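Whatever order the structure lists them in is the order used to number ligands and atoms, beginning at 1. Note that the structure is predicted; figures quoted are calculated from it, not measured.
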Amino acid sequence: MSFKDLQLNRPLLRAIAESGYNEPTLVQEKTIPFVLEGRDVITSAQTGTGKTAAFALPILQLFFDNQDAPKRGKKIKALIISPTRELAIQIEDNFKKYSKYTNLRSTVIFGGASIEPQIEVLKKGVDILIATPGRLLDLHKQDIVNLDFVETLVLDEADLMLDMGFIDDVKKIERLCPDEKQVLLFSATMPFKVEQLANTILKNPERIEVSPTSSAAKSVSQLLFYVPKPKKIELCLHLLRNTIKGNMLIFRRTKYGVEKLEQTLLKNGYKVESFHGDKTQSDRQAALNQFKNGEANILIATDVAARGIDIDDLDAVINFDIPNIPETYVHRIGRTGRAGKSGMSYSFCSADEKTYIKSIQQLIQKEIAIEEEHPYLLDPKAKPEVHKKQGGSKHKKGRKSEASKKKKKRWY
Ligand code: ADP
Ligand code: MG
């Protein structure tokens with residue numbers, strides 16, 4: 001199928017051609033016609049399947065006909081909610097690219113950056129607004145943003161949005177828009193809470209699900225290394241010296257783990273950047289840019305921080321920690337081996353992570369090949385290491401005070 005078959009107009013087709021896209025992705029092929037019909041749509045498909053253009057292109061087409069309103073008379077007709085600043089910026093980049101030959105105006109607003117320039121652009125009038133929830137509500141309260149004319153509302157990366165605790169904000173935003181509107185929901189996964197949200201705010205939606213998340217990319221060669229937990233760093237250095245070359249993404253479960261590994265790799269002379277939820281907006285953008293323009297070839301990230309971020313062309317993915325949710329494994333390794341290229345994944349499994357490997361293999365319905373040729377082999381009979389804390393039983397629950405629980409930082 002071609003983009004022409006999707007009934008997109010010529011200004012859009014021209015911009016698509018300039019983006020270097022030859023044909024729509026499966027997600028786009030299935031989603032675009034329903035959006036053009038004005039239907040509510042739920043699309044779930046893993047990261048990198050082209051979900052942004054699946055809503056951006058039909059939205060631009062839908063509003064192409066009313067684009068000639070004088071600038072100051074422009075009303076926000078499409079509102080796209082995105083959980084993070086990076087993702088919001090990426091979406092805006094997409095809209096800018098595809099709307100090149102239209103007079104539709106878009107802008108992006110997000111927190112953690114000064115508000116005045118955003119207000120300036122909004123006052124000039126836009127047709128399409130991309131926003132993170134907090135900043136949107138803030139500017140709405142200040143009467144800078146008027147949502148009374150929204151005709152299409154998009155919730156992008158809905159699973160991440162809920163993981164980040166934005167459920168109430170999202171519901172509030174939905175209520176601030178007119179009752180009669182088209183709602184589109186995009187998500188990499190469809191956990192129960194996303195279904196629940198969809199049930200409350202979408203009307204008779206068309207459901208599109210592409211490539212069930214259990215199908216691990218066929219073009220990815222997966223290797224499993226059994227290794228004692230304290231030896232993982234050495235194994236990582238060993239593989240970087242001898243085996244793994246090119247651009248790689250290393251996943252760790254916690255931001256503490258990310259930073260520790262980054263320090264070690266930097267000390268060993270590697271060009272490393274890292275990405276996690278506690279970094280400032282400008283640090284994250286800088287890290288991403290360094291990686292994208294090749295100044296660093298290693299990026300270390302937590303799952304939530306890396307989710308949705310468009311990094312392609314990876315040669316390898318390293319699971320420094322094994323994810324406890326099997327779908328996460330599939331998402332991680334799906335970041336390599338894209339676009340017909342072959343990719344590699346390396347998973348480091350310590351004794352306490354063996355059960356995770358079991359459920360991953362159940363999900364992908366295949367055994368991951370075990371690499372035994374390395375200097376830090378785990379004794380197959382090794383038991384998980386238990387970190388004994390003085391004076392307390394590890395089974396004792398509720399030893400944390402409510403106050404200390406509240407202080408707990410976000411882990412992503
Ligand atoms: P998702 O939101 O599903 O994670 P994105 O919308 O970020 O995916 O797209 C992933 C990458 O695919 C981007 O680099 C985008 O430019 C590219 N892309 C999107 N549509 C096409 C297409 N039809 N042909 C080729 N590349 C595409
Ligand atoms: Mg996306």
Self-check item: Shortest-distance N/O/S atom, Glu157 versus the Mg ion (ligand 2)
Solution: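 This residue's closest N, O or S atom turns out to be OE2.
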Quiz item: Considering only heavy atoms, does Phe3 approach ligand 1 within less than 4.0 Å through its side chain, its backbone, both, or neither?
Solution: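 For Phe3, the contact with ligand 1 is made by the side chain alone.
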Practice problem: May I have the step-by-step check of side-chain hydrogen bond (donor to acceptor under 3.5 Å, both in side chains) for Ser106 and Glu92, ending in yes or no? | Solution: CA-CA 7 Å; Ser106 58; Glu92 158 73 348; 3.1 Å; yes
Using a strict cut-off of 4.0 Å, indicate which atoms of ligand 1 neighbour a heavy atom of [X].
X	result
Tyr21	15 (C), 16 (O), 17 (C), 18 (N), 19 (C), 20 (N), 21 (C), 22 (C), 23 (N), 24 (N), 25 (C), 26 (N), 27 (C)
Thr49	1 (P), 3 (O), 8 (O)
Thr52	2 (O), 5 (P), 6 (O), 7 (O)
Glu23	22 (C), 23 (N), 24 (N)

Quiz item: Got a sec: is Asp156 within less than 2.8 Å of the Mg ion (ligand 2) via an N/O/S atom?
Solution: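 Coordinating: no.
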Is there a donor-acceptor contact under 3.5 Å linking the side chains of [X] and [Y]?
X	Y	result
Asp159	Ser187	yes
Gln362	Ser359	no
Glu195	Asn199	no
Thr189	Glu327	no

State whether the shortest distance between N or O atoms of [X] and N or O atoms of ligand 1 falls below 3.5 angstrom.
X	result
Asn22	no
Gly50	yes
Gln90	no

Self-check item: Main-chain N/O of Thr102 paired with Ser99 side-chain donor or acceptor, under 3.5 Å
Solution: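 Here the side-chain-to-backbone pair does not exist.
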Self-check item: Mutual orientation of the aromatic rings belonging to Phe55 and Phe186 [parallel < 30°, tilted 30-60°, perpendicular > 60°]
Solution: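 Taking Phe186 first and then Phe55, their aromatic rings sit tilted (interplane angle of 30° to 60°).
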